[in-house]
Amino acid sequence: MSDHNQVKITDMNYDVDRPKAENPVKIMDLSLRDGHQSLFATRGRTEDMIPVAELMDQVGFWAVETWGGATFDTMHRFLNEDPWERIRTLKRYFKKTPFSMLLRAQNLVGYRNYADDVANAFMDRACENGMDIFRTFDALNDYRNFQTVVPKIKEYGKHFQGCICYTMTEPRLGGKVYNLDYYVNKGKDLEKMGADSICIKDMAGLIAPYDAYEIVKALKAAVKVPIHLHSHFTSGMSPMSHLKAIEAGVDIIDTCMSPYAYRTSHAAVEPLVMSLLGTNRDTGFNIKLLARINTIFEKEIMPKYKHLLDDSKMSIIDINVLLHQTPGGMLSNLVNQLREMDALDKIDAVYEELPKVRKDLGQIPLVTPTSQIVGIQTVNNVLFDTPEERYKMITGQVKDLCYGLYGKTAVPINKEVQEKALKGYDRGEKPITCRPAEVLEPEMEKAKEEIGDLAVDMDDLVLYSIYPVTGKKFLKWKYGKEEPPASVKAITMEEVKAKDELIKKAKAGELVEKKKDAPAKGENTRTFNVFVDNEYFEVGVDEVGGSSILKYVQQLQVSGGAPADATVPVAPVAPALAAAPTLAAAPAPVAAPAPVAAPAPAAAPTPAAAPAPAAAPAQVADTDGTPLLAPMPGMIVKYEKNVGDSVSEGETVVILEAMKMENALAAPTNGTVKAINYGSGDSVAKGDVLCVIG
Ligand code: CO
């Protein structure tokens, strides 16, 4: 950093007046993956990446991260987009910049270890569709989970970037488990496996600047391959950590374009470019080009996503990460989960319980999927444990973890918890010690049989194998077998403008309370959350003469002994649907302002037949069966039993997915299944009657 050239910034022509740095810091841009994943719940659409793609290709990024992490899940589930198509489409615009993806090793782009045949098929398709760099991590830093995917990366001549997930048990680097030796040894392991570069993956923004310096320095001395730092901004330390890492000789840094930067995302590229300008580590980037790209993001793209920004607090720094080491994404998941369960007041208990659960489960790093595993088990403990019994409701994933299906934990799992979790576990009560995928049966053949002709090619089949429930739904949309719901449709700039207009009117007090002679709410009513400064409005919008898009079906009444109706009730769709096309023309009755914290669902879109009231028990009070109620909102994965089957108390009846974790719900009593009220893929609210046992 010594030989700073005194260049005059104001008169500078960035392309010609700048000396070439001896050892430029290379930059990977994350805007198109981790950026929108961190800030906008991964809702970025391919069509909104195209307007900046060609310009971004000109910047000189070492790579752009375009895929992986949550994109695969979110795209097919919420955006009705084929994730494979995104790689192919963007490749047409990025002609020279390599693509990088985040690969969860044997977890691929899902939340569990898949069998080797799925891993091989996925890797073939990712390579053939055009992915160049595979940033590979395992949530437990158990590199046995790399053993299937790495040879594939090599077979295709692609770049294998091995990650070390950065985590701590102390306020700073050190302690018995995650100390400097740990990271250096992991770095050496990765180099031995053939890593082309090594990434320190600091997903929660925990790395302190001087610790970053120490680790980078030590890794540079211990291994030959380039060192890459991925550090989220969450705690506010990352720009300082970047600079210290650069001083220690780091080769590559991750940043975002400024509209996608900060908060739980990453530091912006522009300040780093200016900080290094004229030094021997100058990136060489043209700041004017970056500014041009930013303008497009600001004017043409971001307005469509601003409603997804969490503007509930002023601070862009999350000090909870410093206090509790809870990563930002995990924290917002926990808060959402508690809110949906009307238990937001338990957040402090959750903070207190979380480190205990993590310790019980082997002090594992908190990153997908372990952050969900630890997070949801923590919520379950806080909500369902009693003074007499801990770990009363153990999720399927915690059982898998205890069995060894995710790999080896940094320290052994608490024996008592492990024994309890594995009691009656279907794979066996004795945990395994081998590479997890060795005990997994091949999955592709079975998947092929299940999905049949709906999977037209290998891309479809791999998607289905990883996401059987939502994947099947998506394939039905893709091939016109089912109409996709309004909630998966894109918002257009016209709709954004119409909504802004509405907000302006609301601010000016020009929106009046619902008139007495307002038309009856139709079947097409869609609900919008409208945020005006600190106030929150829920607005119901009815398209005049429009076709029915959403259907709210009355909650099925379970009457004594009668079999369940053949028609499966559709649970009410959560609020915050896509914008309505005729916003301005709509009668737009503005509901009374509700506090942002209110759990808001079901208020506006309530047709005459009241859907799914939260307090379901009353519905079945006079039946002769015992209802099994959803203990939390979620999606039905499958029923293990059919109507007429006999069950004994404690036997699993239904698998409910909540926050991506599967919960096996047990029969509350002995008896016969009298009614099953939902089907695979249905959303349910807390308290919904999932089935009746009599
Ligand atoms: Co990240």
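Numbering of ligands and ligand atoms starts at 1, following listing order.
Salt bridge R86/E81: present, at least one basic N to carboxylate O contact under 4.0 Å. Ion pair D142/K186 not flagged as a salt bridge, since none of the NZ, NE, NH1 or NH2 atoms sits closer than 4.0 Å to an Asp/Glu carboxylate oxygen.
Every residue two or more places apart in sequence or in another chain that forms a side chain to side chain contact (heavy atoms under 4.5 Å, CB included) with P436 is listed here: N113, R144, N145. Partners of E298 by salt bridge (charged side-chain N to carboxylate O under 4.0 Å, His left out), not counting sequence neighbours: none found.
Of the possible donor and acceptor atoms, none in the side chain of D48 sits under 3.5 Å from a partner among the backbone N and O of G44.
Counting only residues at least two apart or in different chains, salt bridge (Lys or Arg N to Asp or Glu O under 4.0 Å) contacts with residues 174-185 are absent.
For the Co ion (ligand 1), the set of protein N/O/S atoms nearer than 2.8 Å consists of D34 OD2, H230 NE2, H232 NE2, ordered by chain and number.
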